[in-house]
**Q** 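I have a structure here, written as structure tokens, and I will follow up with some questions on it.
All chains are named by letter (A, B, ...) in the order of the sequence lines, taking the proteins before the strands, and each is independently numbered beginning at 1. Excluded from the calculations below are hydrogen atoms, water molecules and symmetry mates; all remaining heavy atoms, backbone and side chain alike, are included.
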There are 2 protein chains.
Amino acid sequence: MGEVNEPRSECPINAAIEAFGDRWTLIVLRDIVFGDRRYFRELQAKSIEGIASNILADRLKRLVRSGLLTREDARPGQRARYSLTEPAIQLVPVFAQLGSWGLRHRPTSSALNARAVLLEQGGPALWQEFMDELRREHLGSELPARSPSVRERLNAAYLAANGSS
Amino acid sequence: MGEVNEPRSECPINAAIEAFGDRWTLIVLRDIVFGDRRYFRELQAKSIEGIASNILADRLKRLVRSGLLTREDARPGQRARYSLTEPAIQLVPVFAQLGSWGLRHRPTSSALNARAVLLEQGGPALWQEFMDELRREHLGSELPARSPSVRERLNAAYLAANGSS
DNA sequence: CCTTCCGCTTGTGATTTGCAACCGCTCGTT
DNA sequence: AACGAGCGGTTGCAAATCACAAGCGGAAGG
């Protein structure tokens, strides 16, 4: 529970691994970023990998403590909403590279691939646009919104691939 | 030991996490890619994070089984050399993004940062050059070599940052 | 009051980790 | 032939972590 562990090394790659290098943390963040899930039950019930509630609770706590998420508090029994912080939003390029790699080197479903393909084709420009979108939704930034949103486009790609299969 | 586990989902990001999403696998690959270590004892003794020999043995086995490394066999008692495969070489952009993120959002040492900074500044062009270099060293590809090598430059940046601190 | 939904917590056993010691093999030296 | 150093690991054990299922107290609606 209480791990104020000093890092194993001061290498930036190791720092990233210590922040989200386990089997669940990035999955949770992925669902918030791409799946637009912001509530506990939503994250648990819609999880395609089937995360257990205690693991989810633990990861959310750690992510809040490590500054990757904020929890907009609600009294017990109320819906508590989680929001991405700027460091978490800046994981978009990491997700894009992970998706590209998985796409190319592992067997994956064509429907779920569609998003990774689009994110790869869009390149850094699309990533930036998506990050601005996330800043608007999660940080309440006042940047002008574009239409259609990147997430709408990513979901459209997924649905198109899903429908045609 | 015997995990022929089917994947939790067919999502490309999840596939990447299942391949190297734990606290040690990427560390081992990082030391092979950037530290030019190719032998068991070398990987264990020079590890700044201090990996244990049983964990290292397990990860090397898994990486060979999953097609990210090859082991050039030697008779027992002989040095066995590990080489990167093409999928592992294509992790360079992933490492670059992880390094950039860790650099920006976690406390890290300026000396170890130097490599991540250079890799970031060089961008995709430098990543490609580095990947070609790795193909030459690990796959025996016949591409012409450039001088100085990317690794030499990365190490020079590290030493410069280390000397000045 | 009763049901439903909310974010979790609490067991329980199985798996994985970290640590240290040890092993069988080969090679170069004496 | 004997030795020591170096090679890639294995083994045993305790501690931490994980996965699965069930349950819990508060709040809101009927």
Side-chain angles (χ1 to χ4, degrees), chain A residues 1-9 14 17-28 31-32 35 37-66 69-83, chain B residues 1-9 14 17-28 31-32 35 37-66 69-83:
Chain A
M1 284 279 187
E3 80 291 338
V4 198
N5 302 352
E6 70 228 29
R8 301 182 293 191
S9 81
N14 179 65
I17 292 171
E18 296 204 349
F20 48 79
D22 68 273
R23 302 197 94 68
W24 287 111
T25 303
L26 268 186
I27 294 289
V28 172
D31 285 349
I32 299 177
R37 287 162 207 162
R38 315 220 17 198
Y39 303 97
F40 189 97
R41 283 291 230 264
E42 209 173 20
L43 282 162
Q44 194 199 342
K46 295 186 185 170
S47 162
I48 53 175
E49 285 88 11
I51 191 170
S53 61
N54 56 347
I55 307 283
L56 176 58
D58 177 71
R59 291 307 184 278
L60 289 170
K61 262 188 213 158
R62 286 185 200 224
L63 285 167
V64 169
R65 256 183 295 160
S66 68
L69 292 180
T70 54
R71 186 188 134 115
E72 287 147 46
D73 203 39
R75 300 165 298 289
Q78 295 282 95
R79 269 153 77 94
R81 192 168 68 151
Y82 291 92
S83 298
Chain B
M1 287 280 186
E3 80 292 338
V4 197
N5 303 348
E6 71 227 29
R8 302 182 293 190
S9 79
N14 178 65
I17 293 171
E18 296 203 349
F20 49 79
D22 69 273
R23 303 198 88 72
W24 288 111
T25 304
L26 268 186
I27 295 287
V28 172
D31 286 348
I32 299 177
R37 288 167 205 156
R38 313 218 21 193
Y39 303 96
F40 188 97
R41 282 289 231 265
E42 209 172 19
L43 282 162
Q44 195 199 343
K46 295 187 185 171
S47 162
I48 53 177
E49 285 87 11
I51 192 170
S53 60
N54 55 348
I55 308 281
L56 176 58
D58 177 70
R59 291 310 184 275
L60 288 172
K61 260 187 213 160
R62 288 186 201 223
L63 284 167
V64 169
R65 253 182 295 159
S66 68
L69 292 181
T70 54
R71 186 189 134 114
E72 285 148 47
D73 203 40
R75 301 166 299 288
Q78 295 281 94
R79 272 154 76 93
R81 192 168 69 149
Y82 292 93
S83 299

**Q** Would you give the length of the straight line joining atom CG of Leu26(A) to atom CZ of Arg59(A), rounded to the nearest 0.5 angstrom?
**A**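 Reported to 0.5 Å precision, the distance equals 11.0 Å.
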**Q** At less than 4.0 Å, is any side-chain N or O atom of Trp24(B) found next to OP1 or OP2 of dG18(C)? Yes or no.
**A**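 So the side-chain polar atoms of Trp24(B) do come within 4.0 Å of the phosphate oxygens OP1 or OP2 of dG18(C), strictly under.
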**Q** What is the distance, to the nearest angstrom, from the CG atom on Leu56(B) to the P atom on dG18(C)?
**A**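 To the nearest whole Å, that distance equals 12 Å.
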**Q** So which heavy atom on Ile51(A) is nearest to which on Gln44(A), and how close?
**A**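 In this case the closest contact between Ile51(A) and Gln44(A) is O-CG, 3.7 Å.
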**Q** Taking CG from Leu60(A) and P from dG7(C), how many angstroms apart are they, rounded to a whole number?
**A**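 One finds 10 Å between P of dG7(C) and CG of Leu60(A), rounded.
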**Q** I need the OH-P distance between Tyr39(A) and dC8(C), as an integer number of Å.
**A**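 To the nearest whole Å, that distance equals 13 Å.
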**Q** What are the two closest non-hydrogen atoms of Thr25(B) and Ala19(B), and how far apart are they?
**A**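 Scanning both residues, the minimum pair turns out to be CG2-O, 4.1 Å.
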**Q** Sequence neighbours excluded, which residues qualify as side-chain contact (heavy atoms from CB on, under 4.5 Å) partners of Ala57(A)?
**A**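 Phe40(A).
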**Q** Nearest nucleotide by nearest heavy atom, which residue falls closer to the 5' end of DNA chain C, Gln44(A) or Arg8(A)?
**A**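 Final value for this comparison: Gln44(A).
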**Q** Is there a donor-acceptor pair closer than 3.5 Å between any side-chain N or O of Arg38(B) and the backbone N or O of Tyr82(B)?
**A**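 Judged by distance alone, yes, a pair lies under 3.5 Å.
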**Q** Identify which nucleotide among dT10(D), dT9(C), dG18(C) has an atom closest to any side-chain atom of Ile55(B), counting heavy atoms from C-beta outward.
**A**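 Shortest atom-to-atom distance from the side chain points to dG18(C).
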**Q** Output the distance between atom CG (Leu69(A)) and atom CZ (Arg81(A)), rounded to the nearest 0.5 Å.
**A**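 Between atom CG of Leu69(A) and atom CZ of Arg81(A) there are 12.5 Å.
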**Q** With rounding to the nearest 0.5 angstrom, report the CD1 to CG distance, Ile32(B) to Leu63(B).
**A**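 With rounding to 0.5 Å, CD1 (Ile32(B)) is 7.0 Å from CG (Leu63(B)).
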**Q** Measure from CZ on Arg79(A) to P on dG29(D) and round the result to the nearest Å.
**A**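 Roughly 13 Å, once rounded to whole Å.
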**Q** Need to verify one output field. Residue with the more 5' nearest nucleotide on DNA chain C, Ala57(A) or Arg23(B)?
**A**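 Result: Ala57(A).
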**Q** Determine whether Leu60(A) and Leu43(A) make a side-chain contact, defined as any pair of heavy atoms from C-beta on separated by less than 4.5 Å.
**A**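 Answer yes - side chains close enough.
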**Q** Please check the phosphate of dC18(D) (OP1 and OP2 only) for any side-chain N or O of Arg59(A) closer than 4.0 Å.
**A**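 Result: yes.
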**Q** As a test of reading the structure: which of dC20(D), dC7(D), dG9(D) is closest to the side chain of Ser53(B), going by heavy atoms?
**A**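 Minimum distance to the Ser53(B) side chain belongs to dG9(D).
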**Q** Report yes or no: does Arg23(B) contribute a side-chain atom to a donor-acceptor pair with the main-chain N or O of Glu18(A) at less than 3.5 Å?
**A**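 Yes; at least one donor-acceptor contact below 3.5 Å.
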**Q** Applying a 4.0 Å non-hydrogen cut-off, can you work out what Asp22(B) is touching in the nucleic acid: base, sugar-phosphate, or nothing?
**A**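 Result for Asp22(B) = nothing.
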**Q** Could you give the CG-to-C1' distance, from Asn54(A) to dC20(D), as a whole number of Å?
**A**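 One finds 8 Å between C1' of dC20(D) and CG of Asn54(A), rounded.
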**Q** Using five pairs at either end of the helix from dC1(C)-dG30(D) to dT30(C)-dA1(D), determine the angle between the two local helix axes and round it to 10 degrees.
**A**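 Axis angle across the helix from dC1(C)-dG30(D) to dT30(C)-dA1(D), nearest 10°: 0°.
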**Q** Using whole Å, what does the distance between atom P of nucleotide dC7(D) and atom CD of Glu42(B) come to?
**A**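 That distance rounds to 9 Å.
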**Q** Please state whether the phosphate of dG9(D), meaning OP1 or OP2, lies under 4.0 angstrom from any side-chain nitrogen or oxygen of Arg71(B).
**A**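 True: Arg71(B) side-chain N/O within range (under 4.0 Å) of dG9(D) OP1/OP2.
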**Q** Does Arg41(B) contact dG6(D) through a side-chain donor or acceptor facing the base, at a distance under 3.5 Å?
**A**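 Checked by distance alone, the answer is no.
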**Q** Compare side-chain N and O positions of Tyr82(B) against OP1 and OP2 of dG9(D) and report whether any pair is under 4.0 Å apart.
**A**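 True: Tyr82(B) side-chain N/O within range (under 4.0 Å) of dG9(D) OP1/OP2.
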**Q** Does the side-chain contact (heavy atoms from CB on, under 4.5 Å) test come out yes or no for Ile27(B) and Ile17(A), once each step is laid out?
**A** CA-CA 8 Å; Ile27(B) 295 287; Ile17(A) 292 171; 3.9 Å; yes
**Q** Between protein and nucleotides 24-30 of chain C, map the contacts as a letter string: B base, S sugar-phosphate only, - none, heavy atoms under 4.0 Å, written 5' to 3'.
**A** -BSS---
**Q** Can you check the Ile51(A) CD1 to dG7(C) P distance for me, whole Å?
**A**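 Roughly 14 Å, once rounded to whole Å.
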**Q** Can you tell me the distance, in whole Å, between the CG atom of Leu43(A) and the P atom of dC6(C)?
**A**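 So the two atoms are 12 Å apart, to the nearest Å.
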